[in-house]
Amino acid sequence: MEREYDHKSIEDRWMKEWIGGKYWAAPDFPDPAKKRYMLTMYPYPSGDMHVGHVEIFAIHDSIARFVRMQGYEVLNPLGFDAFGLPAENAAIKRGIQPREWTDRNIAIWRASAERFGCSFDWDRMLSTCEPEYYRWNQWLFLRFYERGLAYRKEAAAWWCPKDKTVLANEQVIAGRCELCDTVVVKRYLSQWFFRITDYADRLLDDLALNTGWSERLKTLQRNWIGRSFGAEVDFKLEGIAEPVTVFTTRPDTLWGATFFVLAPEHPLAEELVADTDKESELAEFRKQVEAMTEIDRLSLEHPKHGMFLGKYAMNPVTGEKMPIWVGDYVLMDYGTGAIMAVPAHDQRDLDFARQYGLPVRVVISPEDRQLDPMTMTEAWSHDGVMVNSGDFNGISASESVEAVVAWLEANGLGRRAKNFRLRDWLISRQRYWGTPIPVIHCERCGEVLAPDDQLPVVLPEVVDFKPTGEGSPLATAHDWVNVDCPQCGGRARRDTDTMDTFVDSSWYFHRYLDPHNDHAPFDRAKSDAWMPTDQYTGGIEHAVGHLIYARFFQKVMMDMGMVRDPEPYPNMLNHGVVTMGGKKMSKSRGNIVEASAALDLYGADSLRLYLLFFGPAEQAIDWPEEGVTAIGRVTFPWLQRVWRLCEQVQEAAADAGDGAAETELRRHIHRTIKIVTKDYQGFSFNTAIARLMELVNHAYRYQAEGGGGPMVRELVEALLKMLAPMAPYITEEQWHRLGHETSIHKEMWPEFDPALASEQEVTMVIQVNGKVRDTLSVAPDIAESEMKELALSSDKVRSYLDGGEPSKIIIKPPKLISLVV
RNA sequence: GCGAGAGUGGCGGAAUUGGCAGACGCGCCAGCCUUAGGAGCUGGUGCCCGAAAGGGUGUGGGGGUUCGAGUCCCCCCUCUCGCACCA
């Protein structure tokens with residue numbers, strides 16, 4: 001019975017069959033040789049799911065289904081990143097509790113993901129706002145604390161005035177809050193940190209283990225970690241007992257250091273001017289610097305400001321006096337907050353020196369000219385010959401770096417050193433909707449850890465959970481805050497900050513492997529059975545946040561013996577974002593296409609194919625601005641063509657015969673299997689679809705030329721299998737309509753016969769002087785001599801030879817022969 | 001400034017890695033068909049000259065290597081992303 005393709009009449013039925021039948025359930029202990037852990041970044045269940053959100057599902061699920069059909073045991077879980085500011089802000093706006101908002105959205109998201117045809121194993125679903133999950137955030141925090149990796153310190157931290165909380169470095173983008181785009185300010189607060197800098201070297205060096213990462217992603221992480229090698233040099237400061245250390249990447253320029261600069265907020269600055277007439281001047285200077293926003297300070301045109309402190313340091317190699325300044329171009333939180341200034345060889349130092357009339361001394365001379373320290377305006381930061389540098393004169397600067405460091409070490413003036421841009425991870429937030437930090441502050445004992453057997457420290461219900469800007473909303477839950485000290489039994493208070501939600505996402509991929517464990521975060525054997533992930537898909541925007549944090553957690557857990565592998569995600573696919581009008585889809589901007597509307601109109605298969613056919617998975621998609629109605633035809637038109645082709649062959653017998661036309665079509669099927677398999681392996685869905693379109697075009701042409709049903713049926717069965725990962729519903733429906741009793745998604749991926757897939761005829765191109773002059777159809781195994789004969793006997797070719805003989809003949813069998821005259 | 005990536009028809013994008021540039025699709029043009037639909041089918045469609053056959057030209061610009069360059073090398077331009085007063 002023929003009928004028209006209508007997604008509405010088929011999708012719901014198959015969705016229920018797959019989910020009810022637990023088609024995608026994975027075992028705890030797969031065959032190690034056959035396991036494939038396909039992970040996608042778990043979503044943040046904000047209110048609206050738009051086509052940008054489902055694009056990742058289209059890509060990820062197509063990969064997972066393809067791998068499953070290849071006979072692997074696939075684990076494909078999904079959970080929800082449920083804690084965090086956006087949910088809390090949305091709840092405040094609506095006057096409801098964050099939990100209510102979050103639970104509702106999780107239900108909506110799960111339903112949409114199911115409708116979209118995602119093959120997730122829902123038995124492993126997790127939600128990070130459940131005590132059974134965040135309990136283990138707390139447990140891990142305690143273990144980190146015991147290892148010295150969690151600590152509290154008073155420090156300048158980024159503060160978002162709108163969200164009223166501190167943020168990690170990674171959440172500040174160009175001086176603005178990542179979430180609400182408000183300009184952030186610095187605040188001095190006592191905050192919890194994870195000592196990720198202890199792992200900086202391993203995080204950098206182990207990037208080499210992530211062989212399935214793009215160069216782009218690795219570069220982002222390398223830049224963020226920002227390791228530089230150099231030396232620490234000790235300077236004696238007037239009136240300061242201890243030597244002050246600076247970090248430099250250019251110890252070879254030490255002889256040219258003519259002044260010394262401290263960051264404005266450096267404590268030593270205060271000490272140096274204490275009881276002098278500079279004291280109030282420094283206070284005024286600091287006020288001015290603080291008044292500048294971070295945006296002003298980052299601006300390229302920003303002129304340097306400084307102030308002489310009236311004291312001197314001594315250059316340890318020349319013995320000369322160096323005036324000590326504070327300068328706003330020196331950062332407190334990089335290196336030691338103090339620098340030796342070498343104006344002749346560092347542009348920033350030179351700018352500062354020219355502005356304030358400080359001495360310039362050339363110690364590296366370029367090969368081809370003489371630098372004039374009195375007039376130069378461009379610092380010479382390249383290699384050259386050392387001059388004015390005592391025993392090192394005449395040596396190439398780049399070659400002497402090692403020798404200088406050795407000399408400093410031998411004389412007790414300094415040592416080899418390296419420095420990182422990466423800062424420790426600030427994890428405390430002054431907000432409600434997060435994991436409570438399991439620490440108790442006792443008047444007598446100080447910081448006391450919540451005992452393991454008291455976990456989870458359950459997030460209390462707080463009616464008024466709005467952030468105040470003065471500490472955390474949890475402080476208002478008096479019954480919860482006031483506790484007895486676990487150590488001395490005396491009066492104590494719970495820590496009222498909550499954890500950054502990136503703590504939750506740093507280990508969730510292990511929890512999927514043992515989601516209901518109530519005596520540990522997860523069982524080691526279960527983790528070892530599936531880890532490391534075989535494929536991780538997600539956006540590149542997590543390059544320097546989540547993807548560094550999770551690697552850090554993995555390494556700490558490895559050091560604790562909890563996991564086996566040094567890296568959790570050796571293979572990473574960063575899909576492109578979906579934009580509209582060139583801008584990222586967002587509700588506030590009003591440029592979204594809602595997933596539910598698109599699913600209603602197009603159906604899941606069409607939406608999946610539209611998204612996959614747009615272009616390469618890694619590339620951004622710019623959805624047409626007309627929105628959900630942008631695409632003139634609702635159904636992906638080619639799916640109608642596929643449907644009709646299938647309908648025509650339902651009754652056909654399997655015996656296709658082997659006439660010339662049949663053999664030709666069969667060859668095409670096998671060539672297509674070969675290419676499409678490769679396309680899937682390279683996540684090149686757009687070209688895979690193109691190849692399948694060609695196959696369908698061939699089938700129609702074959703029919704138009706009088707070809708019969710049996711051969712088309714053979715083609716259709718292969719076509720449906722190859723299309724099944726990308727368009728699961730229509731292929732399942734037609735598979736059954738062809739008379740099969742079992743699911744197409746449990747079929748094996750089609751194999752190609754190499755003999756059939758190989759070309760029977762190839763086009764031989766004949767070039768004369770590099771230009772194509774004739775083409776001939778020849779056998780793939782044609783001999784060179786025959787190619788030459790054919791080429792020279794071609795009329796077209798001869799007309800270009802002008803009766804002469806080619807002076808040179810290049811033959812690349814079987815495709816090309818090039819004649820030169 | 002440092003680092004990474006990209007530049008191909010009106011549009012999205014292909015090109016077994018040095019071998020017929022523009023696959024596949026959108027759009028557009030012409031025709032067919034009809035239970036006039038958000039249809040379907042057939043053909044055409046880089047640009048220039050030509051009625052056509054055919055010829056020329058063509059992958060941001062300029063040079064180079066090569067029988068042959070979208071692909072490799074050098075210089076330049078433009079764009080995107082990341083880091084950025086990081087010592």
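Predicted model, so just to flag it, every value in this text is computed and none were measured. The sequence lines fix the lettering, A, B, ..., with proteins before strands; numbering per chain opens at 1. Hydrogens, waters and symmetry mates are skipped; everything else that's a heavy atom, side chains included, is used.
- Taking atom C1' in both B/G64 and B/G3, the straight-line distance is 28 Å, to the nearest Å.
- When the side-chain nitrogen and oxygen atoms of A/K808 are compared with OP1 and OP2 of B/C67, one or more of them lie within a distance under 4.0 Å.
- In this structure A/F235 satisfies the ring pair (Phe, Tyr, Trp, His ring centres under 6.0 Å) test together with A/F260, sequence neighbours excluded.
- For the pair A/R222 and B/A4, the criterion of a side-chain N or O lying under 4.0 Å from OP1 or OP2 is not met.
- For A/D201, the side-chain contact (heavy atoms from CB on, under 4.5 Å) partners two or more places apart in sequence, or in a different chain, are A/D205, A/R227, A/K418, A/F420.
- When both distances must be under 3.5 Å, the Watson-Crick or G-U wobble mate of B/G25 is B/C11.
- For A/K812, whose side chain is taken as the heavy atoms from C-beta onward, the closest listed nucleotide among B/C83, B/G19, B/A87 is B/G19.
- Between A/N223 and A/H305, the residue anchored closer to the 5' end of RNA chain B is A/N223, taking for each the nucleotide with the nearest heavy atom.
- When heavy atoms are screened at a 4.0 angstrom cut-off, A/R701 is found touching no nucleic acid atom at all.
- The partner of B/U16, taking Watson-Crick or G-U wobble pairs whose two distances both stay under 3.5 Å, does not exist in any strand shown.
- Residues meeting the ring pair (Phe, Tyr, Trp, His ring centres under 6.0 Å) test with A/Y549, sequence neighbours left out: A/W425, A/F502.
- Only the P atoms considered, B/G40 is 9 Å distant from B/C26, to the nearest whole Å.
- Counting non-hydrogen atoms under 4.0 angstrom, A/I810 reaches a base of the nucleic acid.
- Sorted pairs that involve residues 812-821 of chain A and meet salt bridge (Lys or Arg N to Asp or Glu O under 4.0 Å), not counting sequence neighbours, are lacking altogether.
- Rounded to whole Å, the distance from CH2 on A/W325 to C1' on B/C85 is 17 Å.
- Atoms CZ (A/F420) and P (B/C83) sit 19 Å apart, rounded to a whole Å.
- Separating the C1' atom of B/G27 from that of B/C33 is a span of 22 Å, rounded to the nearest Å.
- Between B/C47 and B/G63, the distance separating the two C1' atoms is 25 Å to the nearest Å.
- The C1' atoms of B/G58 and B/A15 are separated by 16 Å, rounded to the nearest whole Å.
- Residue A/K678 is the one, among A/V820 and A/K678, whose nearest nucleotide of RNA chain B lies closer to the 5' end (criterion: closest heavy atom).
- Contact check for A/L358 versus A/W325: side-chain heavy atoms found under the 4.5 Å cut-off.
- Remark: the separation of the P atoms in B/U34 and B/G22 is 37 Å, to the nearest Å.
- Nucleic acid contact for A/P616: sugar-phosphate only, since backbone atoms but no base atoms lie under 4.0 Å from a heavy atom of the residue.
- In this structure, B/A69 makes no Watson-Crick or G-U wobble pair, since no nucleotide meets both defining distances under 3.5 angstrom.
- Searching all strands for a Watson-Crick or G-U wobble partner of B/U78 with both distances below 3.5 Å returns B/A6.
- Counting non-hydrogen atoms under 4.0 angstrom, A/K304 reaches a base of the nucleic acid.
- Between A/K8 and A/D600 no salt bridge is recorded (no basic side-chain N to carboxylate O distance below 4.0 Å).
- Rounded to whole Å, the separation between the P atoms of B/A69 and B/G18 comes to 14 Å.
- Taking syn as a glycosidic angle within 90° of 0, B/G63 does not qualify and is anti.
- Comparing B/C85, B/A87, B/A84 by their closest approach to the side chain of A/T248 singles out B/A87.
- Pair check for B/A30 finds B/U42; Watson-Crick or G-U wobble, both atom distances under 3.5 Å.
- In this structure, A/D349 does not pair ionically with A/R354, as no charged nitrogen and carboxylate oxygen lie closer than 4.0 Å.
- Pair assignment for B/G1 gives B/C83, based on Watson-Crick or G-U wobble hydrogen-bonding distances that are each under 3.5 Å.
- The side-chain heavy atoms of A/L207 and A/W213, taken from C-beta on, include a pair separated by under 4.5 Å.
- The residue A/S228 sits close only to the backbone: its heavy atoms come under 4.0 Å of sugar-phosphate atoms, none of a base.
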Which pairs, protein N/O on one side and nucleotides 20-24 of chain B N/O on the other, fall under 3.5 Å?
| residue | atom | partner | partner atom | Å |
| --- | --- | --- | --- | --- |
| B/C20 | N4 | A/T763 | OG1 | 2.9 |
| B/A23 | O2' | A/R691 | NH2 | 3.3 |
| B/A23 | O2' | A/E694 | OE2 | 2.9 |
| B/A23 | N3 | A/R691 | NH2 | 3.0 |

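- Pair assignment for B/A52: none, as no Watson-Crick or G-U wobble contacts are both less than 3.5 Å.
- Residue A/R644 places at least one side-chain N or O under 4.0 Å from the OP1 or OP2 atom of B/C41.
- Within 90° of 0 lies the glycosidic angle of B/U17, which makes this nucleotide syn.
- Of the side-chain N and O atoms in A/R216, none sit less than 4.0 angstrom from OP1 or OP2 of B/C81.
- Close to B/G13, at under 4.0 Å from its OP1 or OP2, lies a side-chain N or O of A/Q619.
- Take A/W380 and apply the ring pair (Phe, Tyr, Trp, His ring centres under 6.0 Å) test, not counting sequence neighbours, and it matches A/H382.
- Under 3.5 Å, the side chains of A/Q355 and A/D351 contain no donor-acceptor pair of N or O atoms.
- Protein atom CD1 of A/I173 is 9 Å distant from nucleotide atom P of B/A84, rounded to whole Å.
- Spacing of P atoms, B/G5 relative to B/C72, comes out at 12 Å, to the nearest Å.
- Between the CG atom of A/D6 and the P atom of B/G37 there is a distance of 18 Å, rounded to whole Å.
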